[in-house]
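Read the structure below first, then the notes.
As the structure is a prediction and not an experimental result, all values here were calculated from the model. Just so you know, these numbers use all the heavy atoms, side chains as well, and skip hydrogens, waters and symmetry mates.
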Protein chains: 2
Amino acid sequence: MDKKKKQQSTEEKILAAARKVFTTKGMDGARMQDIADEAGINKALLHYYFRDKGKLFETVFLEEAQKFFPKINSIFSSELPLFEKIEKFVHEYIDEMLENPYLPWFVMNEINRDPEQFMYRIWGKENLPQPSKFLEQMDKEVRKGTIKKISPVHLFLHIVSMTIFPFVAKPMITRNLQLDELQFRQILEQRRKEIPRFIFDAIKK
Amino acid sequence: MDKKKKQQSTEEKILAAARKVFTTKGMDGARMQDIADEAGINKALLHYYFRDKGKLFETVFLEEAQKFFPKINSIFSSELPLFEKIEKFVHEYIDEMLENPYLPWFVMNEINRDPEQFMYRIWGKENLPQPSKFLEQMDKEVRKGTIKKISPVHLFLHIVSMTIFPFVAKPMITRNLQLDELQFRQILEQRRKEIPRFIFDAIKK
DNA sequence: GTCTATAATTTGATAGAC
DNA sequence: GTCTATCAAATTATAGAC
């Protein structure tokens, strides 16, 4: 990491530092001084590259949100069979979050802070994600009798909840279950297979 | 609400106002002026009753955290049979959160901000919650062959995730599924029955 | 206990030298 | 492009009158 810092442009150093500070402290908690220190420069340079705190934050946030959301939609609206689709979603999502564990908390936290602004910025008004295709697919399987009767909306919520929640609630979980970093990570890795398995058991006939 | 404000003591008015502001904006985003305005008093009085912002926040936070956590432990360590225990947990938790929808986001958000400080304050070092009893109970059922083979830790995570996550991710969910307030609330109410049902289907033999 | 006025501090932002 | 020094605004906290 430190090796590469020399090669990084100042702008890249700032963005990396801002990412780190914003994702741990949030927009309100983050201090420009913290970011400058983390980047090994001074505050004035932050304003030289990015006009103000808001602009810097927005750059970081949109960048991160793009990692978090678009994958959901591309998988859910693909042409895969239901079970494979669920499996792929869980796998790819957990993998992504294992690499960026701060991501879900950061994104959800900032969306909560100002839902309209950010949801709009991420998708725009016409570019809404369409889980409807996935919901219809589930509905079709139910009517075909391939899987048990279940509300597609609830099944969708079950899947997303089991996948994402442990990452958001990490401090609660590690404390309650007395887990160290390694144990927690191992459990998350296990969930890649455990969640699809659990769902299949619940809805297969 | 406004009727009672006359009867409320100033301290109660402050706490109610602080609760409202802190739970929506968080510790960093909250302004003492906002709280004073919300309480219908001036800033100086806030400091008269609570030395500083940190003390006021801590009072509110610990009060709220006590609503959120202890119930988990009391239910999980009770003597109920497994299925009833799961059902009771989901019911009571969703009911609690339907009344205080901001609760899970607020508590988890502030714990993420400073895990050590708050986790310690909530339980202390010796007073750790003991989901172990619940985990053992699940393990026993598995070994008896009453339910399918499943890791107790994962089952625990499944239950908690499905129950709490939708409350934390409300803005994401309502936007993605195009739900209005009422529809969202109805779905949450449905989950009281849906989650236990789903779990039973997954683990019953 | 409650208020107004003000101090003290924090922090985002800019000016200007190099 | 980068730095030091400084300003301006926002925000917490206190002094002191009533």
Rounding to a whole Å, what distance do you find between Asp37(B):CG and dT12(D):C1'? 15 Å

For the aromatic rings, using the six-membered ring if either is Trp, is the centroid distance between Phe61(B) and Phe118(B) under 6.0 Å? yes

Those residues at least two apart in sequence (or on a different chain) that pass side-chain contact (heavy atoms from CB on, under 4.5 Å) with His47(B) are Met32(B)

Just to confirm, is there a sub-4.0 Å distance from OP1 or OP2 of dT10(C) to any side-chain nitrogen or oxygen of Arg31(A)? no

Expressed in angstrom and rounded to an integer, what is the separation of Met32(B) atom CE from dT10(C) atom P? 15 Å

Can you list every pair that meets ring-ring contact (aromatic ring centres under 6.0 Å, His included) and has a residue in residues 63-88 of chain B, with sequence neighbours left out? Phe68(B)-Tyr93(B), Phe69(B)-Trp123(B), Phe76(B)-Phe89(B), Phe76(B)-Phe134(B), Phe76(B)-Phe156(B), Phe83(B)-Phe200(B)

Residues in salt bridge (charged side-chain N to carboxylate O under 4.0 Å, His left out) with Asp114(B), at least two apart? none

Over all strands shown, is Ala30(A) touching base, sugar-phosphate only, or nothing at heavy-atom distances under 4.0 angstrom? sugar-phosphate

Using a strict heavy-atom distance below 4.0 Å, which residues from residues 42-55 of chain A are in contact with DNA chain C? Lys43(A), Ala44(A), His47(A), Asp52(A), Lys53(A)

Please enumerate all residues that pass side-chain hydrogen bond (donor to acceptor under 3.5 Å, both in side chains) together with Glu99(B), with sequence neighbours excluded. none

Residue pairs, two or more places apart or on separate chains, that pass salt bridge (charged side-chain N to carboxylate O under 4.0 Å, His left out) and touch residues 187-200 of chain A: Asp95(A)-Arg192(A), Arg185(A)-Glu189(A), Glu194(A)-Arg197(A), Arg197(A)-Asp201(A)

How long is the line joining CG of Asp28(A) and P of dT12(D), in whole Å? 11 Å

